[in-house]
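As structure tokens, the structure follows; a few thoughts come after it.
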Amino acid sequence: RDYKVTGVQTCALPILVSIQQDLGNENKLASVYSNIGVIYVAKKEYEKALTYYNKSLQMDKNQNDEEGIAKSYNNIGIVYRQLGNNAKALEAYFMSLNYKLRLNDKNGVANTYNNIAILYQSEGDYAKALKYSKLAYSIEQETGDERSLAGTQINMGETYLAMGESQKALSLIKKGVETSERVGNLEYLKSGYDLLSEVYKKSGDYKKAYKYFVKYSGVKDSLMSFEKSKELNQLETQFKFDQKDKEIELLKRQQQIDKLKIRAEEKELEKKSVYINSLILGLFFVLVIAFLAFNRYHVKDRKSTRLNS
């Protein structure tokens, strides 16, 4: 619900919001708001992302959707982390964690543990960072979630590297790289290769440091090409939707004009109807008066004839 948004969906979301609002589907509207938040995060417009994540959270609460609430809090924590408000981020992460634990959502719990670990690592609190990374690591091994496991291994390796424990760092980062290669996660591979290059550089093994730097650069270029291609596709899709929006707007204006014409014709018909009815009523009264006058004249004429007789 929160992480897979294509270019087509991006352009369609404002339309979806309008449709779901009209239908009053709060549960679906919560999902739409959440996806809009994802888009703004990708665009690094974090304040806007926060606005939509909070809207999603409120909708989830209205529906008593605990799974949705857990995801919304996690997303809010990510945004506060990007805004540099770690206190608010932790508060949101732990709110998310409480719901996920209650739901027994193991993958979700591991994900939030990792987010908490990354935050503590950024603050230099390596003991707490390792504590939550290990909790995530244990769950991922249990569930067999290799894609997430790769990221956790690399994050733990980075923490050990920051602590000066190069051998532990090297072992974990290598495992993370191997797992990333196996599952085909380029983002984790990029981070892993970069860290391996740094580890070997610190140990004085410049040959291996260079080797992994070249690998890091290759993956980085691949990701950039992919992102550019995706951006071009999104721009093309956006253009098509903009054209469609213009067509829809023109259609709406034409419909409004048609409605005004119909109303004008209806008013004209109403006027004609009133005129005709008035004319008929007037003619009726004329006929009634004429009849009464004729009848009165006929009565007088009869009386006059009798008198003459």
Side-chain angles (χ1 to χ4, degrees), residues 2-4 38 41-42 44 74 77-78 81-82 89 93 106-231:
D2 299 298
Y3 305 104
K4 296 179 181 178
V38 172
V41 167
K44 302 188 189 307
N74 191 69
I78 290 169
R81 171 80 180 84
Q82 293 298 328
Y93 284 151
K106 291 184 178 181
N107 289 333
V109 168
N111 174 261
T112 302
Y113 278 151
N114 269 319
N115 287 337
I116 294 169
I118 291 167
L119 189 150
Y120 279 129
Q121 185 195 86
S122 71
E123 291 187 332
D125 193 339
Y126 301 126
K128 285 184 179 177
L130 284 174
K131 172 188 172 182
Y132 287 100
S133 285
K134 287 175 180 177
L135 287 169
Y137 188 84
S138 176
I139 292 171
E140 288 156 359
Q141 282 186 314
E142 179 190 341
T143 60
D145 183 5
E146 286 200 313
R147 182 170 291 272
S148 298
L149 184 64
T152 303
Q153 288 167 330
I154 290 168
N155 287 338
M156 287 176 71
E158 187 175 5
T159 302
Y160 277 118
L161 185 61
M163 294 169 69
E165 298 188 37
S166 297
Q167 288 306 308
K168 285 184 179 181
L170 187 60
S171 174
L172 280 162
I173 295 166
K174 277 185 174 179
K175 286 180 181 177
V177 165
E178 287 170 5
T179 309
S180 298
E181 288 173 341
R182 190 161 55 249
V183 299
N185 191 312
L186 292 181
E187 282 290 349
Y188 289 152
L189 265 181
K190 185 183 78 168
S191 298
Y193 287 148
D194 187 32
L195 287 168
L196 284 175
S197 178
E198 187 180 342
V199 171
Y200 284 120
K201 182 180 176 181
K202 284 184 175 181
S203 66
D205 192 338
Y206 298 109
K207 184 178 179 180
K208 284 186 178 178
Y210 177 72
K211 170 188 170 183
Y212 284 107
F213 179 76
V214 170
K215 287 190 172 188
Y216 159 76
S217 299
V219 174
K220 183 181 177 183
D221 290 343
S222 295
L223 282 170
M224 284 181 68
S225 297
F226 174 74
E227 287 299 320
K228 284 180 181 178
S229 175
K230 188 168 72 173
E231 187 177 347

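Only heavy atoms go into these numbers, but all of them, side chains included; no hydrogens, no water, no symmetry mates.
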Is there a side-chain contact between [X] and [Y] in this structure, where contact means two heavy atoms from C-beta onward sitting under 4.5 Å apart?
X	Y	answer
Gln153	Thr179	yes
Asn114	Tyr132	no
Lys220	Asp194	no
Lys128	Asp125	yes
Leu196	Leu170	yes
Gln82	Val41	no
Leu172	Ile154	no
Glu198	Leu161	yes

Could you tell me which residues satisfy salt bridge (Lys or Arg N to Asp or Glu O under 4.0 Å) with Arg147, sequence neighbours excluded, listed by chain and number? none
Sequence neighbours left out, what passes salt bridge (Lys or Arg N to Asp or Glu O under 4.0 Å) with Lys168? Give chain and number order. Glu165
Apply side-chain contact (heavy atoms from CB on, under 4.5 Å) to Tyr193 and Val177, showing your working. CA-CA 7 Å; Tyr193 287 148; Val177 165; 3.7 Å; yes
Contact summary for [X] and [Y], nearest pair of heavy atoms:
X	Y	result
Ala209	Tyr200	N-CB, 3.7 Å
Ala110	Ala136	O-CB, 3.5 Å
Tyr126	Gln121	CE2-O, 3.7 Å
Ile173	Gly157	CG1-CA, 3.7 Å
Ala89	Leu119	CB-CD1, 3.6 Å

Supply the atom-to-atom distance [X] [atom1] to [Y] [atom2], rounded to the nearest 0.5 angstrom.
X	Y	atom1	atom2	answer
Arg182	Leu189	CZ	CG	11.5 Å
Lys131	Tyr120	NZ	OH	7.5 Å
Lys190	Asp221	NZ	CG	10.5 Å
Asn74	Asn111	CG	CG	5.0 Å
Gln141	Thr152	CD	OG1	10.0 Å
Tyr113	Ser138	OH	OG	9.5 Å

Have Ser180 and Asn185 got a donor and an acceptor in their side chains that come within less than 3.5 Å?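 No, no side-chain donor-acceptor pair sits under 3.5 Å.
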Checking Glu140 against Asn107: is there a side-chain donor and acceptor pair closer than 3.5 Å? no
For the pair Thr112 (side chain) and Val109 (backbone), establish whether a donor and an acceptor sit closer than 3.5 Å, ignoring hydrogens and angles.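 Checked: no pair found.
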Checking Ser217 side chain against Phe213 main chain: does a donor-acceptor pair fall under 3.5 Å? yes
Go through the steps to decide whether Ser171 and Lys175 satisfy the test side-chain contact (heavy atoms from CB on, under 4.5 Å), and finish with yes or no. CA-CA 6 Å; Ser171 174; Lys175 286 180 181 177; 4.1 Å; yes
Please list all pairs passing the side chain to side chain donor-acceptor pair (under 3.5 Å) test where one or both residues lie in residues 201-214, with sequence neighbours left out.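 Matches after skipping sequence neighbours: none remain.
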If you apply the rule side-chain hydrogen bond (donor to acceptor under 3.5 Å, both in side chains), what do you find for Ser133 with Asn155, and how did you get there? CA-CA 8 Å; Ser133 285; Asn155 287 338; 6.0 Å; no
Between Tyr188 and Val183, does the side-chain contact (heavy atoms from CB on, under 4.5 Å) criterion hold? Intermediate values first, please. CA-CA 10 Å; Tyr188 289 152; Val183 299; 6.0 Å; no
Determine, stepwise, if the pair Tyr93 / Arg81 fulfils side-chain contact (heavy atoms from CB on, under 4.5 Å). CA-CA 10 Å; Tyr93 284 151; Arg81 171 80 180 84; 4.0 Å; yes
